[in-house]
2 protein chains.
Amino acid sequence: MKPNIKDIARLAGVSSTTVSRVLNNRGYISIQTREKVQKAIKKLNYHPNDLARSLYHKHTYFIGLIFPTTANPFFGELVSDIENECASQGYKVFLCNSLGRADKEIKYLNMLQRNQVDGIIVGAHNRNIPEYRQANLPIVAIDRYLSNKIPVISSDNFLGGKLATNWLLEQGCRNIIHICGPHELETPANRRRDGYEEVMRSAGKKPIIYELAEMLPDNRTDVVRRVFTEQPEVDGIFASDDLIAATVLSESKKYRRLNCNHIKVVGYDGTETVRTCLPQLTTIEQPIHQIAWEAVRILLSQINGEFQSSDNEILLPIKLVVGTP
Amino acid sequence: MKPNIKDIARLAGVSSTTVSRVLNNRGYISIQTREKVQKAIKKLNYHPNDLARSLYHKHTYFIGLIFPTTANPFFGELVSDIENECASQGYKVFLCNSLGRADKEIKYLNMLQRNQVDGIIVGAHNRNIPEYRQANLPIVAIDRYLSNKIPVISSDNFLGGKLATNWLLEQGCRNIIHICGPHELETPANRRRDGYEEVMRSAGKKPIIYELAEMLPDNRTDVVRRVFTEQPEVDGIFASDDLIAATVLSESKKYRRLNCNHIKVVGYDGTETVRTCLPQLTTIEQPIHQIAWEAVRILLSQINGEFQSSDNEILLPIKLVVGTP
DNA sequence: TTACATATGTCAATCGGTTGTCATATAATT
DNA sequence: AATTATATGACAACCGATTGACATATGTAA
């Protein structure tokens, strides 16, 4: 059986109050007693039960992370950065992969509340989920509006869309198409599309948009192929994430064999992984470290009751990274 | 303040024992009472405190995941799959990114024990850490020997190394070099290198191995460049993971401008992400879903006291995936 | 009428710590 | 000698639930 504080007290020949005092550095403790206790702790390989502690203190140092999936390199990097930042501040994270399913998301939210998390960081992409508003809990959203009380961290999606489209124009593209992920209401990421539309209209061109039904690999290929067959004149594509852009590149290679068109592509996210695999891809780089850092900072400020309403909406800068030739 | 079971009892006009009976479906409860209680739960947005429950039952349904980082697509996909499988069995996961640092790993192990996890899945890559043996806890390791009592899940690294090297030989490569990650003791992943060495020796060739000092992007580029300058005759590279392989590809593109060598490359892992970005890369595909599934299955069998010693070492099949032309 | 199933309540112990209050004892200071 | 700082223990309440034992109602079936 796992030892408890009484076992330690017995072995060290002291009271459990004294053990608690050693563990928490409170009150007077002689060096001899401290050492006796620490020796007993080592000997029995004792680990104080943090659940009991948390129960008493009503503070768990748990944080819930709800994201679509760490299998996507953008979320994989973001979650890794968030977890690091949390760990360095003494918080532990529950990972929840919602897989784009609203029902999973609601179940996770419920689970996190039952487990008394101190706060939640949400980057999942589902339709409006009212449960977030009722959850009377510190929450931070990444690239998503949950309610007007829940702070949002975004990077400058609108500017990103504009920069991407402008770059394609500068490269001499005449027929630029935008391919984006499944459309959701009130997602700041939709502003990428707005940026694209604005630049297109300013240039006197008609925006053409293709939308994925779901965020699946097969789906990406299907849509990209449809673009190539339905839009034979296309010479520029702005993809709303790098994996779609990668699919465009590989499909266009096959296509190019039949057709000598050159197609310029711009992606979105600029993760380390995709930059390593496809350095030739031009992309809009999101400041992942900064997003993670701000999300944790704002969540902890809520948890510690120091939230500034100026932090209710954070817009971080993006950067166009031109691919290596 | 958050409501507790007594608040629900008071509002529903019943005793807290009755509320507990409703929550746990025990004993006799009339439909009317059940409805009164459920209405009170909804009204107060009550979430039973699972920490208190866990404390009493000595069972948390928590599982700790210790991995290098979800920023690496292999671990990102693996962690996502593991989390999914856990969630579908009612378990919640703590995510721990050790970042290849043994000190972090030990701290995480400690933290997980203090938080009474029911078990741990370790995929981190550090030197021998004796703390795992003392931790009197169900543990499963992925591609790593922790102790003879801790079951290991691996894919067939030795065969992978052989298949990769053989393929390069079949492609007509004469000077095949192996680049691998930082070398650790007793890691089954080192068998990839053994497979390479065996095939090379059988072919009467001398194995040449370059090793990364650390798993960092800059490091990869440095080593790859060193290979190109120090081994001008190289025409085949077996990289021990896809990101190294990707770096070889992109560096060789630059190199090819100065030198008309063609270099064939084989990577390792075959993640969805890298397959999407670099479908032309030949690679050894690890069965990520299966690894995740087996890891969870074996961990839960330990937790439920149904562990079969035949599961002490699981070897899963790998597959050579030839890149698209 | 007796027996049993159904329905609910009271009460206390338990899980593993934390913390405040009091008591007590030794040692160091004034 | 009186005061104060140091060191430890005993005890109980508390955090929020679970559970078993026991009491006490009904309602229903034998």
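The chains referred to below are lettered A, B, ... by the order of the sequence lines, with proteins before strands, and numbering in each begins at 1.
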Do the side-chain N or O atoms of [X] get closer than 4.0 angstrom to the phosphate oxygens (OP1, OP2) of [N]?
X      : N      : answer
B:R114 : C:dG17 : no
A:N24  : C:dT18 : yes
B:S20  : D:dA17 : no
B:R53  : D:dT18 : yes
A:H57  : D:dC14 : no
A:Y28  : D:dT6  : yes

Under 4.0 Å between any heavy atoms, over every strand shown, what does [X] touch: base, sugar-phosphate, or nothing? Just pick one.
X     : answer
A:D50 : nothing
B:T17 : base
A:K58 : sugar-phosphate
A:I29 : sugar-phosphate

Practice prompt. Would you mind reading off the distance between A:K2 atom NZ and C:dC15 atom C1', rounded to a whole angstrom?
Written response: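 Atom NZ in A:K2 sits about 12 Å away from atom C1' in C:dC15.
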
Do [Y] and [X] meet the salt-bridge criterion of a basic N to acidic O distance under 4.0 Å?
X      : Y      : value
A:R144 : A:E105 : yes
B:D7   : B:K2   : no
A:E131 : B:K42  : no

Worksheet item: Roughly how far, to the nearest 0.5 Å, is CD1 of B:I29 from CZ of B:R21?
Response: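 The CZ atom of B:R21 sits 6.0 Å away from the CD1 atom of B:I29.
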
Worksheet item: Side chain of B:S54, base of C:dC15: donor and acceptor closer than 3.5 Å?
Response: no

Heavy atoms from C-beta onward define the side chain here; which of [options] lies closest to that of [X]?
X     : options               : value
B:T18 : C:dT8, C:dT18, D:dC15 : C:dT8
B:N49 : D:dA7, D:dC15, D:dG16 : D:dG16
A:S15 : D:dG9, D:dC15, C:dT8  : D:dG9

Discussion item. On DNA chain C, compare the nucleotides closest to B:K36 and A:P3; which residue's is nearer the 5' end?
Written reply: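 Mapping each residue to its closest nucleotide by heavy atoms, the 5'-most match is B:K36.
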
Worksheet entry | Given DNA chain D, 5'-ward residue of the pair B:S16 and B:R21, judged by closest heavy atom |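 Its nucleotide being nearer the 5' end, the pick is B:S16.
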
Worksheet item: Would you call the rings of A:F75 and A:F67 parallel, tilted or perpendicular, where under 30° means parallel and over 60° means perpendicular?
Response: tilted

